[in-house]
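A short write-up of the structure that comes next.
The model shown is predicted, which means the values in this text are computed figures rather than measured ones. First the proteins, then the strands, lettered A, B, ... as listed; each starts at 1.
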Amino acid sequence: MITDLRPVMVTVADKEVHSDSFATLFFDFAIDFKPGQFIMAWIPGVDEKPYTISHHSPQRFAITVEAKGRFSKKAVALEKGDKIGIRGPFGNGFTISDKPNIAVVAGGCGMAPLAPLVDALEASRNREIILIHGARSKEFLLYPERFSTHRRICTDDGTQGHRGFVTELLEQEILARDILAGEDNDTPALDMVYTCGPEIMMAKVFAICEAHSIPCQVSLERYMRCGFGVCGACVCSDRVVCKDGPVFGSQTLREMEDFNTTALLKSGKPVPLNEYASWRCQ
Amino acid sequence: MQTNFLGTPLKTPLVLASGVLGNNKAILERVWANGCGLPTMKSIGPAPRDGHSNPTVIDLGEGMINAVGLPTPGYLNMETEWLELENRDFPVNASIYGGSVEEFVMVAEFVATKRPEFIELNISCPNSDKHGMLFGVNADASYDVVSAVKKAVDIPVIAKLTPAAPDIAAIAKACEEAGADAICAINTAGPGMIIDIESQMPVLDFKKGGLSGPMIKSIAVRCVYDIYKAVSIPIIGLGGITTGKDAIEIIMAGASLVGMGTAVRYRGITAFNKVNKEIDDWLAAHNTTMDEIRGAAHREGK
């Protein structure tokens with residue numbers, strides 16, 4: 001059993017390569033889990049990094065890795081039979097709305113933490129899920145065959161779906177519902193929007209939700225060390241992303257000045273988000 | 001539970017240990033709002049430093065092992081933090097470190113201009129080859145650092161000591177003679193090490209790390225007990241304090257204030273409020289006060 005104490009070495013049971021830069025690593029181990037939670041993955045001699053769990057069943061879980069920096073390039077290169085250290089799960093996960101009309105808005109590898117949420121939403125009855133999925137281009141769209149829910153796709157370069165941003169599709173969806181709601185009651189307003197992706201995208205999703213009075217949950221990313229709310233490396237305003245988050249709801253987001261503005265480097269220095277993002281990709 | 005420490009009123013006797021949270025004003029304020037009388041900033045060093053790579057912090061169940069490695073933007077690169085802290089309505093303890101007496105003085109002089117209520121000298125961190133503990137295990141070196149900083153600043157100076165010192169009371173005595181206004185004891189113990197037997201690798205990237213949490217409490221209590229006998233300046237006692245009874249125990253060893261860090265792992269950020277209440281409840285049940293029990297374990301016949 002994997003726990004939130006010292007890392008347990010687990011074997012890569014399966015590997016699914018999505019594209020040159022994305023791979024999903026499957027592990028045949030039990031872990032308690034709620035969609036949106038994450039684990040710390042350790043490659044001995046390299047580093048340890050947080051990854052949200054992208055697939056979960058009672059005896060199996062997976063992480064999806066995008067090759068960006070030194071650690072993630074090594075992680076993507078792991079093969080079936082290789083070992084990696086895991087501790088967790090950590091964080092709060094998504095609060096699953098008991099209301100029926102849900103939008104899930106994913107950008108790039110932000111699809112990874114949202115995927116088990118979509119699985120959970122699909123497994124429960126009486127849901128109307130709108131999945132809006134964006135990526136740089138067609139080959140970066142994760143899990144193209146995974147869900148039964150219809151997805152509205154957009155790509156930056158137009159190689160699949162709408163050419164443009166997920167936020168445009170979300171606004172279209174909300175406005176269409178507003179108009180239809182005036183004519184009949186068959187197209188109800190959204191009850192909840194879940195999102196993960198680049199922070200600037202999530203901030204826009206949140207702003208749209210605020211403008212339309214729709215509650216929203218976003219999953220944040222920050223540099224982490226402990227994973228359990230002690231070291232403070234991942235603070236965002238007065239919240240500790242690893243413990244209080246990584247998922248935050250509308251009420252908290254309204255009070256988080258650092259949301260979409262500031263993150264700490266490894267040294268603890270607060271910097272604008274774009275500077276943080278380019279450092280994280282090294 | 002209001003108390004007075006070196007002339008500064010504190011709303012509670014609980015201190016946030018340095019290195020835990022403390023990365024920005026907002027989180028320091030939240031810790032304060034949750035019952036901590038004196039939040040301590042993350043240690044500020046002479047130059048930008050990333051600290052060690054991960055893994056840096058591991059929970060062993062009965063406490064933690066960490067080698068975060070003193071990350072700091074460097075004292076000259078903290079304008080944002082200082083600006084934010086300028087308009088605070090809570091006291092702060094600024095923890096600083098250096099690799100030499102000169103570096104300690106350089107950082108202390110600058111930090112003093114930002115008017116924290118206290119400056120804590122971290123002469124006891126085990127997680128850096130060049131900084132910290134070299135001073136804290138040697139009475140002469142501790143004396144030199146404390147006396148140099150005392151000459152340079154007009155803010156109360158607290159010396160934070162390591163249990164790795166063969167005679168921690170002698171170090172405390174040297175710090176007192178050098179002019180330290182208070183002692184903080186203890187920093188993490190060890191260092192220790194954990195090895196993953198599957199990969200046959202040390203888990204921490206820095207290989208060894210400081211131990212904290214319940215497993216070191218009895219070391220902390222012993223250290224505070226020894227220091228209380230040796231000095232007359234107040235002591236901040238910390239190391240594994242997680243409950244009100246733990247706090248009472250270290251106060252009986254001689255602590256005036258009680259620090260907590262790893263307790264945040266086990267009881268959340270509200271640990272401070274919980275421990276304040278537990279201290280209050282215990283004192284009320286025993287019809288006594290903190291002043292009455294301070295150093296009680298030193299009484300003849302006890």
(message) Counting C-beta onward and ignoring hydrogens, is there a side-chain heavy-atom pair between A:Phe71 and A:Val65 closer than 4.5 Å?
(response) no
(request) Among A:Phe29, A:Phe27, A:Phe26, find the one that has a ring-ring contact (aromatic ring centres under 6.0 Å, His included) with A:Phe61. (result) A:Phe27
(message) With a 4.5 Å cut-off on side-chain heavy atoms, are B:Val264 and B:Phe272 touching?
(response) yes
(request) Mark yes when over 12 heavy atoms from residues, nucleotides or ligands other than A:Ile200 sit less than 6.0 Å from its CD1; otherwise mark no. (result) no
(request) Using non-hydrogen atoms and a 4.5 Å limit, figure out which bit of B:Pro48 sits close to chain A: side chain, backbone, both or neither. (result) neither
(message) With chain B as the partner, which of A:Gly268, A:Pro44, A:Ala233 has the greatest number of non-hydrogen pairs under 4.5 Å?
(response) A:Pro44
(request) Between chain A and each of B:Ile197, B:Ile58, B:Leu21, count heavy-atom pairs under 4.5 Å; write down the option with the most. (result) B:Leu21
(request) Answer whether the closest heavy-atom distance between the side chains of B:Val57 and A:Val230 falls below 4.5 Å. (result) no
Considering only heavy-atom distances, could you tabulate the donor-acceptor pairs under 3.5 Å between chain B and chain A?
residue	atom	partner	partner atom	Å
B:Leu21	N	A:Val230	O	2.7
B:Asn23	ND2	A:Gly232	O	3.1
B:Asn24	ND2	A:Ser237	O	3.0
B:Arg30	NH1	A:Asp238	O	2.6
B:Arg30	NH1	A:Asp244	OD2	2.8
B:Arg30	NH2	A:Asp244	OD1	3.4
B:Lys42	NZ	A:Cys231	O	3.2
B:Asp50	O	A:Arg225	NH2	2.8
B:His52	O	A:Arg225	NH1	2.8
B:Ser53	OG	A:Lys266	NZ	2.9
B:Asn54	N	A:Asp47	OD1	3.1
B:Asn54	ND2	A:Glu48	O	3.1
B:Asn54	ND2	A:Met224	O	2.9
B:Val57	O	A:Arg87	NH2	3.4
B:Thr72	N	A:Ser267	O	3.1
B:Ile195	O	A:Arg6	NH2	3.2
B:Arg265	NH2	A:Asp4	OD2	3.1

(message) At a 4.5 Å cut-off on heavy atoms, which part of B:Met78 comes close to chain A: side chain, backbone, both, or neither?
(response) neither
(message) Any heavy-atom pair between the side chains of A:Met111 and A:Phe22 that's under 4.5 Å?
(response) no
(message) Taking the side chain as everything from C-beta on, heavy atoms only, tell me whether B:Ile123 gets closer than 4.5 Å to B:Phe104.
(response) yes
(message) Measuring only between side-chain heavy atoms, which start at C-beta, is A:Pro7 closer than 4.5 Å to A:Ile2?
(response) no
(message) Counting only non-hydrogen atoms closer than 4.5 Å, does A:Leu264 touch chain B with its backbone (N, CA, C, O), its side chain (CB onward), both, or neither?
(response) side chain
(request) Just give me the residue among A:Cys226, A:Cys231, A:Pro270 that pairs up with chain B most often, heavy atom to heavy atom, under 4.5 Å. (result) A:Cys231
(request) Report yes if some heavy atom in the side chain of B:Met106 is under 4.5 Å from a heavy atom in the side chain of B:Pro46; otherwise report no. (result) yes
